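In what follows, a single structure is set out as structure tokens and then discussed.
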Number of protein chains: 2
Amino acid sequence: MNQPTGQEDKVLSTEEKIKEAARKLFTQKGFAAVRTRDIADEAGINLALLNYYFRSKQKLFDIIMLENFRKFLHIVSGRVLDDSLTLEEKIALLVDIEIDMLTQNPDLPLFVLNEIRVNPNKIAMEMHSGDVPGVSRLLAQLISANGSGEAPQMQPLHFLANLIGLTVFPFVGRPMLQKITGVDEDAFYKMMQERKKLIPIWIKAILNCS
Amino acid sequence: MNQPTGQEDKVLSTEEKIKEAARKLFTQKGFAAVRTRDIADEAGINLALLNYYFRSKQKLFDIIMLENFRKFLHIVSGRVLDDSLTLEEKIALLVDIEIDMLTQNPDLPLFVLNEIRVNPNKIAMEMHSGDVPGVSRLLAQLISANGSGEAPQMQPLHFLANLIGLTVFPFVGRPMLQKITGVDEDAFYKMMQERKKLIPIWIKAILNCS
DNA sequence: GTCTATATACGGATAGAC
DNA sequence: GTCTATCCGTATATAGAC
């Protein structure tokens with residue numbers, strides 16, 4: 001979880017322990033299905049401390065939700081913002097970063113997609129203020145590519161649905177896909193690594209065929 | 001909802017009213033976030049009747065969950081089982097049926113995928129007994145196609161992830177996709193209709209490019 | 001079958017000692 | 001900062017009249 005730091009994560013403060021436990025449980029089960037007692041147990045702390053550090057269950061959840069949401073959307077930030085890259089290079093980079101992120105946070109997309117549907121209001125603001133950093137530029141680049149002869153018309157919605165669907169969906173549907181195909185967890189994650197190279201190729205093929 | 005029946009759905013029995021209300025709310029919000037009072041209000045019946053007809057909230061939920069799960073998986077049944085169809089024909093038919101089903105039940109996939117993750121045990125049985133009717137045959141057909149020269153190797157897991165991802169994901173991510181692209185609900189569902197023709201073409205392109 | 005009233009349990013939150 | 005004990009609202013479920 002905290003790989004970049006040199007020290008291993010056993011020296012968390014009480015507040016951090018609560019937050020990490022809350023993140024784990026809320027992300028897996030959602031707000032209503034988690035009891036504050038579960039969080040306290042998971043964190044190995046006393047129940048009263050939860051309210052001491054974070055006034056209420058709701059406040060704690062809001063913090064986790066915002067952080068999860070940012071992490072999910074800000075995949076496309078920093079490096080991918082550089083406009084020197086071609087559309088194809090951006091796609092390859094984006095898929096690479098996103099699959100790494102999803103491998104480390106496999107429960108994130110289901111949580112976020114659920115919250116967006118249940119709670120469109122809280123989310124809308126974040127969606128516009130952050131503006132999903134690189135995505136608008138990516139779509140602009142797609143549209144200008146539409147103009148040139150190389151690849152014909154492709155609606156931004158279809159393009160995004162394809163790109164995110166191919167990249168994110170396997171993680172959302174992992175238990176189902178494993179059950180149907182009989183692939184174990186190790187093999188599954190190895191195949192997700194393969195997809196880093198495959199998806200950009202597939203996306204290109206899709207763009208060239210309408 | 002009950003389109004095949006000639007009569008319109010205002011003449012539901014009390015039991016059916018409760019079940020329909022429960023289906024709607026549970027599918028949207030999940031078990032923990034729904035109160036029995038919400039279901040009673042939505043159904044327009046007295047709270048005590050819920051326990052009279054379905055012993056408990058949990059029992060009622062189990063019924064809904066099982067039905068939702070079957071509906072989601074049995075997309076691939078009946079017509080698609082016919083083995084006279086080629087792989088390409090099956091894909092086109094499957095995508096067509098699935099998009100129609102998802103258009104009428106847009107909350108279904110998120111509910112089912114959530115439940116599978118939270119509750120893998122209850123689900124496993126259903127997954128084997130039903131064996132996701134047409135899918136195993138579809139995959140067998142894919143593998144035999146791998147053998148012939150036409151299309152090279154494609155792992156079943158990649159194939160399924162692509163097919164389901166392209167078809168199902170847009171519905172799971174609809175609110176997000178609409179927000180990012182600015183497409184309204186009407187236009188969104190029209191584009192889903194377009195995808196009935198596009199996805200089979202894209203899948204073919206993907207199969208031909210590795 | 002349907003209602004009102006109520007028992008009972010559970011979960012979020014706090015008071016107050018240490 | 002951390003603990004124990006407890007309060008209190010809320011939600012499920014049932015008893016019993018009609």
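The shown structure was predicted, so the numbers you read here are calculated from the model rather than taken from an experiment. Sequence lines set the chain letters: A, B, ... in the order given, protein chains first and strands last, and positions in each chain run from 1.
Annotation: Phe31(A) is in aromatic contact with Phe61(A) [ring centroid separation under 6.0 Å].
Between Glu20(A) and Lys17(A), no side-chain nitrogen of the basic residue sits less than 4.0 Å from a carboxylate oxygen of the acidic one, so the salt-bridge criterion is not met.
Rounded to whole Å, the distance from OH on Tyr52(A) to P on dA5(D) is 21 Å. Distance CG (Asn51(B)) to C1' (dT2(C)): 13 Å, rounded to an integer number of Å. With rounding to whole Å, Phe54(A) atom CZ is found 16 Å from dA13(C) atom C1'. Rounded to whole Å, the distance from CG on Leu25(B) to P on dA11(D) is 14 Å. As rounded to whole Å, 14 Å separates atom P of dA13(C) from atom CZ of Phe61(A). When the C1' atom of dA13(D) is taken as reference, atom CG of Leu60(B) falls 14 Å away, rounded to whole Å.
Of the candidates dA13(D), dA13(C), dT4(C), dT4(C) carries the atom nearest the Ala48(B) side chain, counting heavy atoms from C-beta on. The nucleotide whose nearest atom lies closest to any side-chain atom of Leu47(B) is, among dT14(C), dT12(D), dT4(C), dT12(D).
Residue contacts shown for Arg55(B) are limited to sugar-phosphate atoms, with no base heavy atom under 4.0 Å away. Across all strands shown, Tyr53(A) has heavy atoms under 4.0 Å from sugar-phosphate atoms exclusively, and none from any base.
A side-chain N or O of Asn162(B) and one of Arg195(A) form a donor-acceptor pair less than 3.5 Å apart.
At dG11(C), none of the side-chain N or O atoms of Thr36(A) fall inside 4.0 Å of OP1 or OP2 (strictly under the cut-off). Side-chain N/O atoms of Thr14(A) include one lying less than 4.0 angstrom from OP1 or OP2 on dT2(D).
Across the interface with DNA chain D, nearest-nucleotide mapping of Gln58(B) and Asn46(A) shows Asn46(A) to be the residue nearer the 5′ end.
If you check distances only, the side chain of Arg35(A) never reaches the base of dG12(C) with a donor-acceptor pair under 3.5 Å.
At least one side-chain heavy atom of Leu108(B) sits less than 4.5 Å from a side-chain heavy atom of Met101(B).
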